[in-house]
Chemist: 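One structure coming up, written as C-alpha cells, with questions to follow.
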Amino acid sequence: MSIDNILAQATSLAVKSLYGLEMPADKIVPTTTKKEFEGNLTIVVFPFLKASHKRAEDTAQEIGEYLVANCEAVEKFNVIKGFLNIVIKPSFWTTVLQSVAADPNFGFKQVNDSSKLVMIEYSSPNTNKPLHLGHVRNNLLGFSLSKIMEANGNKVVKTNIVNDRGIHICKSMLAWLKWGNGITPEIAGKKGDHLIGDFYVEFDKHFKAEVKELMTQGMSQEEAEREAPLIKEAHDMLKKWEDGDAQVRKLWSTMNDWVYAGFDETYKRMGVDFDKIYYESDTYLEGKEKVLEGLDKGMFYRKDDGSVWADLTSDGLDQKLLLRSDGTSVYMTQDIGTAKLRFQDYPIEQMIYVVGNEQNYHFQVLSLLLDKLGFKWGKDLIHFSYGMVELPNGKMKSREGTVVDADDLMNEMINTAREVSKDRNVEMSEDERENVMRIIGLGALKYFILKVDPRKNMLFNPQESIDFNGNTGPFVQYTYARIQSVLRKSNPDDASTDFTAYRPNEKEVALIQRLTDFATVVAEAGRTYSPALVANYVFELSKAYNQFYHDYGILKEEDAIVRAFRLSLSKTVAGIVKRGFALLGIEVPERM
RNA sequence: GGUUCGGUAGCUCAGCUGAAUAGAGCAACAGACUUCUAAUCUGUGGGUCGCGGGUUUGAGUCCCGCCCGAAUCACCA
C-alpha cells in the first residue's frame, strides 16, 4: 500500500473519531507538499470544517495531533491556514525505496487469463502513398496506448486495417501501366511505397492537365473532372477489379506487395508492430452482408433508388448512407464488415480506434450502428481521437509538396543526433554509436510527439521544434545513460550493503516520493488513455534526479551506507525511467 | 447553421477527479565543468488562464452565455 493510501485511511479514521464524520479514504487525496513549505504530503482540511465546527487552523491542528499519535509513518506536522503539512518519518522512505527497488513490475498490473481483452486499431494506411507525419503521430500513439493498456492489466491485440482497394489504388496502377515502363522498386532503387506514391502524384498531374484542357473547351470544373479520360479509365479499372479480372488483380497484388514491403521497413524502424492485420479487400463484402441483415430486421430502410440508409435522428444524428444505389459499399459499410470479422476472430471486450479527429462524426455513427447490429462493445467503443499535425505554414498538402515523409523525418532526426553529438567523446564502437544515434534521434521525435495532449492539434516546426535539451527525449535518455555510467563504475560490494537504517535527506525523499508516483501515473494514463501523462512524469522524475545528482555525491560519498542507499536510489530511478519510456515505445541508451 | 474539440508567459506545452503566491521547456540575460557524463545544474525577467456572469469557504479547473480557431455534417475513403 502506498503512503498516500495509508495517510488517507488514517485521516479518514481521524475525522471519524474526532468529529464523527464518515469520510471514505478514497475521497481524501493527499497532495505533494509545495516545496516552499516543510512536509512531504499535504491534506486540505476545508472539507472537514462543517463537521468540526472549528476554525480551519484548529481542525488541522487536531487532525495533525491525531495522526502523530495514531499513524506509524507520521513524524510531525505543521499547519498553514487550512493546509495540514505532514512530515513522514525518514526511515519510512528507506523502506519504500527498498520495496520499489525489489519489485521489477512496480506500478504494473498483472495480465492473466481473466484479463479484459482490448483490441487497438491504429495506423490504417492507404496503399497508394508512403506514411507521413500524420501516420507517425497515429502510430506512436497507438503503440504507446497498447503498452499502457497492457501495463494496466489488459490483454491487448494490436491491429491494423489496410485500405488496399478503391479508386485511389487504381490511379497509381493506371499511372504505372501508362508511364512506368515496367519499373520495379529494385530497378528504381526505391522503397515500394515511395515508388507507388510517385505514380499517384504522376496520375494527378496528368489528370489535372486533362481537366484544364477540357475546361478551356468550355466544360465546368465538375464536368471536366468527371469526363476526363484518365478518371474514366481508373473507374473502368476499379470495375474490373471488383469483377475479379485476373490481370488487374495480378497487377494490384504485385503493386500492393511492393507497398507492404516499404511499410514493413518503416514500421520496423519506428518500432511499432501489429498482432493482426486486416485488409479492406477482405472486409468490404462482409459489411454489405451485415447491412442487408440489418435491413431484413427492419433496422435500416431502402430508398426508391435502391440505396440503403440508417435513420439516426432519434439519436440526435442524421440519415446515414450504408449502401449505394448500385449496391456497393461505402466507408461505413467497410468498418462494419471489419468489426464483424474481428468479433469472429477475438472475444473482444473493448475496442479502441486510434483515428484522427476528422473522423469524430464517423465514429459516433459507427458506435450506434454496431450497437444496433448487436456488437457487445459497439456502444462503448473508444474513438481515440487525436488532433492534426500542422506545419509552420499550415497543413500538410500533398499537392504543394509540403508532406513530411515518415522515412525522411526519421533519417533527419538521426542525422541531427549525429550532428549534435559529434563533439562529445564518449567511447563506444562504431556499431554502438550508430545504434545510439538511432535511439536518440527517434527518442527525440517520439517524445516530442507523445508529450503533447493527443486531442490537441500540434505544431511541428522542423527547424526549431526538435531540440535535444530541456523537456525532450534525449534529456531523459541522458539521465538514464548517466546513471548507467555511475553504476558501471560502482563497487559491487555496495550493492549488498544494508542501508535500512539510513535516514534520507529532503532531496532524496522527494525523489523516492516521485518514484512511487509511477504507479498512480500508469493507472491514470490507462484510465484516461494518455501517453502524455507518462511522458511528463518521466521528465519530472529525470529532472528531480538531475538536481539530486548535482547536489550530492554518489560514488564520492565516503559513508558506505549512504553510498549504498544512493546507488540503489539511482538504479531504481533508471529502472523506472526505462520502463516509463518503454510505455512510450522509446528506448534508452547505456551511454551517450 | 447543427455537432464535436480546442483557446494558459514572446514561442512550444503541463496543470489529475476544485485548494496555498498558476508551472515546465525554449528563446533572453547572469553564473557553475582539474569532479560520479555540462545533452546537466543554479539564478533573473516574463501572465487580466479568450470575455462576461453563476455555484462554492475556495474556480485555470464545475455550470450558463458570448468571442476566436479547428474538424465534421458526400451515393470520397
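Predicted model only: the values in this text are computed from it and were never measured. Chain letters run A, B, ... following the sequence lines, proteins first, then strands; residues in each count from 1.
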Chemist: Report the distance from atom CD1 of A:I169 to atom P of B:C76, rounded to the nearest whole Å.
Modeler: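 To the nearest whole Å, that distance equals 16 Å.
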
Chemist: Hey, does the side-chain of A:D318 have a donor or acceptor N/O within less than 3.5 Å of a partner on the base of B:A74?
Modeler: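 In this structure, the two groups form no donor-acceptor pair.
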
Chemist: B:A19 base stacked by A:F83? Criteria: ring centres under 5.5 Å, plane angle under 30°.
Modeler: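 Aromatic stack with B:A19 absent for A:F83.
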
Chemist: Sticking with atom C1', work out how far B:G15 lies from B:G25, rounded to a whole angstrom.
Modeler: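 It works out to 15 Å between them.
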
Chemist: Quick one: does NZ or CZ of A:K303 land under 6.0 Å from the six-membered ring centre of A:W309, within 45 degrees of the ring axis?
Modeler: yes

Chemist: Can you check whether any acceptor in the base of B:A20 is under 3.5 Å from a donor in the side chain of A:T42, or vice versa?
Modeler: yes

Chemist: Hey, is the side chain of A:R165 poking within less than 4.0 Å of OP1 or OP2 on B:A77, counting only N and O atoms?
Modeler: no

Chemist: Measure centre to centre between the rings of A:H168 and A:Y200, then say whether the value is under 6.0 Å.
Modeler: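 They do not qualify: ring centres at least 6.0 Å apart.
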
Chemist: Where does the angle between the aromatic ring planes of A:Y353 and A:F363 fall among parallel (under 30°), tilted (30 to 60°) and perpendicular (over 60°)?
Modeler: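 Judged by the thresholds at 30° and 60°, the geometry between A:Y353 and A:F363 is tilted.
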
Chemist: Using Watson-Crick and G-U wobble pairs whose two distances are both under 3.5 Å, how do you write the pairing of RNA chain B as dot-bracket, with | for links to another strand?
Modeler: (((((((..((((.....[...)))).(((((.......))))).....(((((..]....))))))))))))....

Chemist: Tell me whether the OP1 or OP2 atom of B:U37 has a side-chain N or O from A:K489 closer than 4.0 Å.
Modeler: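 So the side chain of A:K489 is within the cut-off, an N or O lying under 4.0 Å from OP1 or OP2 of B:U37.
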
Chemist: What's the gap between B:C76 and B:U55 when it is taken at their C1' atoms, as a whole Å value?
Modeler: 47 Å

Chemist: Are A:F539 and B:A24 stacked, counting the six-membered base ring, centres under 5.5 Å, planes under 30°?
Modeler: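 No, A:F539 does not stack on the base of B:A24.
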
Chemist: Any side-chain donor paired with an acceptor under 3.5 Å for A:D335 and A:H362?
Modeler: yes

Chemist: Syn or anti for B:C49, please, going by whether the chi angle lies within 90° of 0.
Modeler: anti

Chemist: Could you check A:Y537 against A:F518 for ring pair (Phe, Tyr, Trp, His ring centres under 6.0 Å), going step by step and ending with a plain yes or no?
Modeler: CA-CA 8 Å; A:Y537 164 78; A:F518 185 59; 5.8 Å; yes

Chemist: Whole-Å distance between B:A20 P and A:F46 CZ?
Modeler: 10 Å

Chemist: Indicate whether OP1 or OP2 belonging to B:G23 is found under 4.0 Å from a side-chain N or O atom of A:K34.
Modeler: yes

Chemist: Do A:R165 and A:E242 sit within salt-bridge range, that is, some charged N less than 4.0 Å from a carboxylate O?
Modeler: yes

Chemist: Heavy atoms only, 4.0 Å cut-off, all strands: where does A:E540 land among base, sugar-phosphate and nothing?
Modeler: nothing

Chemist: Under 3.5 Å, is there a donor on one side chain and an acceptor on the other for A:R482 and A:N546?
Modeler: yes

Chemist: Compare side-chain N and O positions of A:K543 against OP1 and OP2 of B:C41 and report whether any pair is under 4.0 Å apart.
Modeler: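 For A:K543, the contact criterion (side-chain N or O under 4.0 Å from OP1 or OP2 of B:C41) is not met.
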
Chemist: Side chain of A:R482, base of B:A39: donor and acceptor closer than 3.5 Å?
Modeler: no

